[in-house]
Structure formats: C-alpha cells, structure tokens
There are 2 protein chains.
Amino acid sequence: MAKGRATIADIARSAGVSLSTVSRVLSGRESVIPIGPETRARVLASAAALNYRPNQAARTLASGRSQAVAVLVHDISDPYFSEIVRGIEDVASANQYMVLVCSTDRDPVREREYLLRMGSFPTDGIILAAGGFEEEAGLDEVRSLIERGVVIVGVARHGLPIPTVRISNEEGAREMAEHLLQLGHRRIAFIAGPPGLTTANDRLAGYRQALREAGLSADGLVLAGDFTREAGQRVVPHLLRSTPRVTAVFAANDKMAIGCLAGLRAAGIVVPDEVSVVGFGDVPSAQDTEPPLTTVTIPLREIGRQVMREVLQQLGGQPPSAALSAPTTLTIRRSAAPPRSGKPG
Amino acid sequence: MAKGRATIADIARSAGVSLSTVSRVLSGRESVIPIGPETRARVLASAAALNYRPNQAARTLASGRSQAVAVLVHDISDPYFSEIVRGIEDVASANQYMVLVCSTDRDPVREREYLLRMGSFPTDGIILAAGGFEEEAGLDEVRSLIERGVVIVGVARHGLPIPTVRISNEEGAREMAEHLLQLGHRRIAFIAGPPGLTTANDRLAGYRQALREAGLSADGLVLAGDFTREAGQRVVPHLLRSTPRVTAVFAANDKMAIGCLAGLRAAGIVVPDEVSVVGFGDVPSAQDTEPPLTTVTIPLREIGRQVMREVLQQLGGQPPSAALSAPTTLTIRRSAAPPRSGKPG
DNA sequence: TTGTAAGCGTTATCAC
DNA sequence: GTGATAACGCTTACAA
C-alpha cells in the first residue's frame, strides 16, 4: 500500500483531461454523466498504460462506500456457518464486494467488541449470522451503526431492530418430532442448545409443541446441551439410565447428534435398532456418519445468498424486505427407525 | 458510514487543543511523542463524551495501513480451509486486524481476479492459502502487490517468490504409505488430487517413494481424483475390478477417503476387513465416519496462527522467517488394518 | 461534455 | 509538549 502507484492525477496529465473527467470514466458514473467517446478512450488507454488501480481507501473516504461487508458468525470453522458465509461470498464477489469474517464464539463480549470495531472499520453492511440471543448485548452498538447508515441484516430470530432472514426452527423441530412420533416413538429425549440462544429455544419449543399435541409430556426428557459434539456424548449415560428407556433422541443440532452417535457406539448401543438419533441443520458431514443422519435440512448456503442480496438491495436504496425466510425440510436418512418394541399409544 | 459522527476536529474543539494533539493521543503514537498528562486526559474525556470512533478509511489513506488482511482459500466452506482461516482470525483479531475471505474454487481465473482486486482494496497483507499450482497464474499480480509494500505469505509449496509455511505433504504421505506397508499391504491404491496442485503432487510423490523403497511398483495403482467426495466414490468400481484385488486405498485427502468409504459401503464391502482406507488432512469429520478414519493430521489451525504471526512480524519490519513449517503426524484410527490374506512380501 | 475546487478524516512534517 | 499545515487519492457539487 505504498510505492509509486499511479493516481487519477497521473492519468489526467497523461490523457490531457481533468481529474473529474478521469474520475467519471473510471468510477462508472459515466452512465449518469455522459462522456465523449474519444475522451473516454484516451482516459482508458492512459489508465491501462499506467497500470492504474483505484485506491479503495480514498474512494471510501470520499464517497462513504467501502465495497465491503462484515459477517458475524459463531465460528467460521463450524460448517454450519462457513456454509452461510460461502453463500454470502458468492453474491458479494459477484457484485464486487469483499467479505470480512468475525468469529464471536457466541460470546456476547466478543460480539460487542466486533460491533464496536465495526464502528471505525469501513463496511457498508453487517450481517449478524451468529444467531440471536434472547437478551441482546450489542443493542446500542447496532443502533449507532444503523444511524450512521450501515445496513444491518440478521439471520435467525434476534431481539434487534433489524430485518432478518427467519429460519423455521420451530416448525422444523415440530415436524421432526412428529416424524418420530409417527414412527411409533413415545419416549423421545431432546438435547437442548445453549439456554439464551433463540435458535436453540425455538427448536425446543417445536419439539415441545409436537409432544403436547400428541398428548405427551416432555418432563424429564429435555437434556441440557450446548451445541458441542461433547454435549452429545455426555448425555449418553443419562439416556441409558432412563426408565422406561428412551427410544429416540432429538438433538438440537447436528454436532450434538453426531457426538451422541459416537457415545452410543462406544456404549455398544446400535442405532437405529436400539435407539433412534436425529439432528438439526444438515451440515455436510451428516451424510457420512453411520448410520447417515436423519435431520432437518436448512438451506444454509441459500440463506447466505439471500441475506447478501438483501444487503445489496438496501444499499441500493430499496426498503427492507418484509418477509425473508428460509424453509426447512425433513431429510430422512437411516438414523431413525421405528422403536424395537413399538407398542403404539 | 455517513451521518454526524464525531471527528478529531470536534474533539480538538471540545478539548481546546489542536488536531495534531488529538491525533497523537488517539492513534497511540503517544509512546513516541510525549503528551502532557493533563492534556491527554482532556482529549480522552472529550473523545468519550462525543462517542468518537476513528475513521479507518481516513487512517488508511493517510497512513497506508489498513489493519486488514485478505486470505485466499479454495473454498471457505471446506473444513480444511475454514480451520486455517480460524487460526488466522485468532491472531488477527487479537492484534486488531480484520480478515477478508476470498474463495477461489481453485480456479486460476478467480484467483487472479481476487489478486487484481487486492490491488485496489486496502489490505496490509495477503495470505495465499488456496494451495499452490505447479504453474502459478498470478505471478505478475503478486509481484506488483509486493512492490507496493503488501506483505504476502503462502501456505504450502508455491512457485511464487514469497515466504511460505511448508506442510510436510511428501513426508506425511510417505509415512502413511509405510504404515500401510508395515501392516502387510502390498497392493495399495492411491487416489490422486488435481493434477496441477503442488499439495496433491507432493502427497503422490511421498506415496510413490514409499512404494519404491519397499521395492514395489505403483503401476496401475494411481487413480485420478480431484479432492472431491465424488471422486472418492467414483473410483470404487475400479478398485473392485483390480486383480489382484487392492487391499488398501490411500486417498490424497480426507474428503475423497470419506467418499470412498461411502462408495465401499454401498458396494457391500466392509472396511477395514476387506479393504483399508486412509486419508490425508484430518478434518474434524474424519473422526465421525465409520470406521473412524486413519489419516495424516495437519495442524490446520496452528498453521493459520503461524502464518498470521509471520504476516504481523513482517508488517512490523522484521525480515521474512527463513523456515516456516508444520509437521504432520499419523493418526491411527480404525479404517486401516492388516490385509485379510496378508501374505507378507 | 468537461473543468474547477471543495471536501472526506487522518497522519505526518515542520516549526515553535 | 503542542500547533499549523500539507499531504493521502478520490468523489462531487457547481460552473462553464
């Protein structure tokens, strides 16, 4: 970012025109402010000859547009989030935008820190994809960012005053629980996610609702979890001790389901013969477990594309879209089957 | 990025000092240029009162430093790369740096495009983590970026004039092949990676060397692949047709190994009883396949940290480190076992 | 259709 | 220790 890189002044001189003319043709504002074709050609030629590269920092300072968006995720190394980010990047790069990643580890402190830094870092938009908290931390930061003209869009339910791509967590979980019920299961445990997370709570609510509608109680069936693989493993002893024994386990996300699978195998329990296990999310590795995981599919990448498209539209001056949403679907693989001694009802 | 955000001018006015004084205390150059403690306090107080946030775009323009690095990866949704990026982010964020992700899909065209865009986008450093090609495309772009003072560091072998964190792909592959040999295998197939990739070639070379040293020929044992899961599945019929039948398969990366596992299962072949399968990389999901994958572990996250530390050091004026490297280790799980009819030699 | 000139918010170079 | 003032490279009214 230093040396003798050519500026529009050099081009202006070389092409024998003014600074503004150069700026006009080079910044694409041509469409708005017509330029003589011959002038234009000269400018372009000089730019090419001098190997000109615009200085985005200068553009940003002058125009207020940075051509960059930041994405807050829980953890970029978590496939759930990296899929979303990939979707975002797809449409961002197609529109000459760069994407910054910010992993918050679901830590409200880190989340606020990043938000604070976004206060000085030049981005045109911020995508809150880390998942919402029931009690949001960065409210003030978000407000002041919005006030400054930054477009902010969220993914999943947030307690924040921003447009959001809704994921049908509750409906998806209900459907999955109904699927298990239909298979004949009556004792279905649920491994919950982190307490304050809206995503986790919505999935739990969907599970509860399905049970309630089937006239079943969830008492003693909801196990604490935190979305980690270890949590899925940890509950296994508890599962085995339950009486009457649980016949199916619904984990609030795939990672826990996969951990549970591992724990069950270690305990010598065979899935789905002795117990069914299902997850939520359908991360890529869910198809490579044994048995492959029955789960709720979220169109992660498409969500990323959708949220970035929304950011771009708002940046283009359009009002926030009213209803952004991503439908979940059941993906039946082989980790769930009817219970062995399936006495219905 | 717009509205009425406070500037150092506002602070100067409010604190009754000059612009330069404000800049000095706010940009941390204090250590170099002493400031009166009382003046300093007044400035800080005003800054806080006005809820001041530095404008990084302006700083970048004036100082030439952007506090951002870009990372070129094959695909951010590939766990191999997202792990590396996470490592980079860990040390970046601890040092007030932001990280931009650029997925190139291993397409030289996209790679050059991104490099070209980096020519105008303000970043202090660029990390080439997408893997090297035997014939590099973006050489000119890299040169001109370096000339402009951007620090560029690579991961894995590159044909580019930049310091690089070496991954012991060849040694790791040799070790793994030796392990298979030691188990008693003599007919070991290798699923290769994309032809032009140094990473793929080095692993192949390691495999070849081990066979050669054992007095074995690799003729007809090297199968074409491209690092995708599908490639791993695709070779299965070929594997089964081989005579004498191959007893072990070494995939050049985990994804292909996992695909191979799936293909084998579909064909009713049991691993490792009938055939052993091993991979390279040790991505997180490698431990959740059935059987869990024996593979070569690369300290992905640590590599990310290391490469970002190197970038920071060079930005701090230190010369490139001579030997950056990441050792691979064998991780024995359960997908490889002695061949069934293991007649040694 | 093109040119002039005033910013954009900081840092940096000199003086004092 | 502190203060003027000139960059930094570009966009954008406003004129012509």
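Letters A, B, ... are given to chains in the order of the sequence lines, protein chains preceding strands, and every chain is numbered from 1.
The distance from atom CZ of A:Arg42 to atom C1' of C:dT1 is 12 Å, rounded to the nearest whole Å. Here C:dC8 presents its C1' atom at 14 Å from CD of A:Gln56, a figure rounded to the nearest Å. Rounded to an integer number of Å, the gap from CG of B:Leu61 to C1' of C:dT11 is 10 Å. The nearest whole Å value for the distance from the CG atom in B:Leu19 to the P atom in D:dA6 is 13 Å. Note: CG (A:Asn55) to C1' (C:dC8) measures 13 Å, nearest angstrom. The CD atom of A:Glu38 sits 13 Å away from the C1' atom of C:dT2 (whole-angstrom rounding).
Backbone-only contact: B:Arg29 has heavy atoms under 4.0 Å from sugar-phosphate atoms and none from a base. If you check every strand for non-hydrogen atoms under 4.0 Å, A:Arg40 touches nothing. Among the protein residues, B:Ile33 comes within range of the nucleic acid bases, having at least one heavy atom under 4.0 Å from a base atom. Nucleic acid contact for A:Ser63: sugar-phosphate only, since backbone atoms but no base atoms lie under 4.0 Å from a heavy atom of the residue. Note on B:Ser20: a base of the nucleic acid sits closer than 4.0 angstrom, heavy atoms only.
Between B:Pro37 and A:Tyr52, the one whose closest nucleotide on DNA chain D sits nearer the 5' end is B:Pro37. Summary of the strand contacts: B:Gly36 and B:Ala62 both lie near DNA chain D, and taking for each the nucleotide with the nearest heavy atom, the more 5' one is attributed to B:Gly36.
With sequence neighbours left out, the side chain to side chain contact (heavy atoms under 4.5 Å, CB included) criterion links A:Glu38 to A:Arg42.
Scanning atom types as modelled, one donor and one acceptor separated by under 3.5 angstrom connect the side chain of B:Arg24 and the base of D:dG3.
Atom CZ of B:Arg166 has 12 or fewer heavy atoms from other residues, nucleotides or ligands within 6.0 Å. Other residues, nucleotides and ligands contribute more than 12 heavy atoms inside 6.0 Å of the CZ atom of B:Arg117.
A close approach under 4.0 Å does not occur between any side-chain nitrogen or oxygen of B:Ser18 and OP1 or OP2 of D:dA4. At the phosphate of C:dG9, neither OP1 nor OP2 sits under 4.0 Å from any side-chain N or O atom of B:Arg59.
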| task | Please assess A:Arg157 against A:Glu134 for the test salt bridge (charged side-chain N to carboxylate O under 4.0 Å, His left out), listing each intermediate value before the final yes or no. | result | CA-CA 9 Å; A:Arg157 184 163 66 82; A:Glu134 295 295 356; 3.0 Å; yes
| request: Decide yes or no on salt bridge (charged side-chain N to carboxylate O under 4.0 Å, His left out) for B:Asp10 and B:Arg5, but give the supporting numbers first. | output: CA-CA 9 Å; B:Asp10 299 321; B:Arg5 119 194 219 177; over 6 Å; no
| said: As a quick check of understanding, evaluate salt bridge (charged side-chain N to carboxylate O under 4.0 Å, His left out) for B:Asp105 and A:Arg86, giving each step before the final call. | reply: CA-CA 11 Å; B:Asp105 283 325; A:Arg86 185 46 145 104; 2.3 Å; yes
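Looking at residues 6-17 of chain A, you'll see A:Thr7, A:Ile8 sit with a heavy atom under 4.0 Å from some atom of DNA chain D.
A:Gln306 and A:Glu302 are not linked by any side-chain donor-acceptor pair at a separation below 3.5 angstrom, with hydrogens and angles left out of the test.
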